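Shown next, in structure tokens, is the structure this report addresses.
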Amino acid sequence: QAFTEDCTQLFAPFLDLQLHVLDEKIKRLTQMQEEKRTLQRECMQREKHNTALRGTISILESEKRAVASKVRDEQGDVYRRYVKALAAAQDTLQRQFNDFEATTLQ
């Protein structure tokens with residue numbers, strides 16, 4: 001029994017130190033778990049935000065394509081009207097030239 005008491009007194013400071021070290025490790029692990037949960041919440045929020053942004057970007061891309069298509073159509077219409085106007089002007093000039101030649105040759 002004296003041997004047991006001697007061992008207890010001899011190892012008590014070491015065991016107290018080990019308990020203190022374990023307590024500190026437990027506190028640090030608990031803190032790290034809380035930090036992990038916080039980061040996970042932030043990641044979820046960012047993912048929600050990113051999903052919303054992707055949706056907005058998708059809508060904007062669709063609108064951009066629609067506008068680009070409309071602009072191409074309108075440009076095509078303008079180009080066709082321009083070609084028609086040029087053809088009409090050419091026809092008018094050709095008639096005037098033909099009339100001028102016909103009058104000049106007589």
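None of the values given here were measured: they were computed from a predicted structure.
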Contacts of Glu74 meeting salt bridge (Lys or Arg N to Asp or Glu O under 4.0 Å) (sequence neighbours excluded), chain-then-number -> none
Tell me which donor-acceptor pairs under 3.5 Å the side chains of residues 80-99 have, and how far apart each pair is, sequence neighbours excluded?
unit_1, atom_1, unit_2, atom_2, d
Arg80, NH2, Asp77, OD1, 2.5
Thr92, OG1, Ala88, O, 2.9
Gln94, NE2, Asn98, OD1, 3.2
Asn98, ND2, Gln94, O, 3.4

Applying side chain to side chain contact (heavy atoms under 4.5 Å, CB included) to Ser58 and not counting sequence neighbours gives none
Side chain to side chain contact (heavy atoms under 4.5 Å, CB included) filter on Gln45, not counting sequence neighbours, yields Lys48
So salt bridge (Lys or Arg N to Asp or Glu O under 4.0 Å) across residues 54-68, not counting sequence neighbours, yields Glu47-Arg54
Report task. May I ask you to list the residues sharing a hydrophobic cluster with Leu60, side-chain cutoff 4.5 Å, ordered by chain and number? Result ->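 Its cluster partners, ordered by chain and number, are none at all.
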Could you list the cluster mates of Val67? Members are the ILVMFWY residues connected by side-chain heavy atoms closer than 4.5 Å, either directly or through other members.
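Noted: Val67 shares its cluster with Val71.
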Quiz: residues 11-20 side-chain donor-acceptor pairs under 3.5 angstrom, not counting sequence neighbours:
none

Which side-chain N or O atoms in residues 30-44 pair as donor and acceptor under 3.5 Å with protein atoms at least two apart or in another chain?
unit_1, atom_1, unit_2, atom_2, d
Thr30, OG1, Ile26, O, 2.8
Gln31, OE1, Arg28, NH1, 3.3
Gln31, NE2, Glu35, OE2, 3.4
Glu34, OE1, Arg37, NE, 3.4
Glu34, OE1, Arg37, NH2, 3.0
Thr38, OG1, Glu34, O, 3.0
Thr38, OG1, Arg41, NH2, 3.3

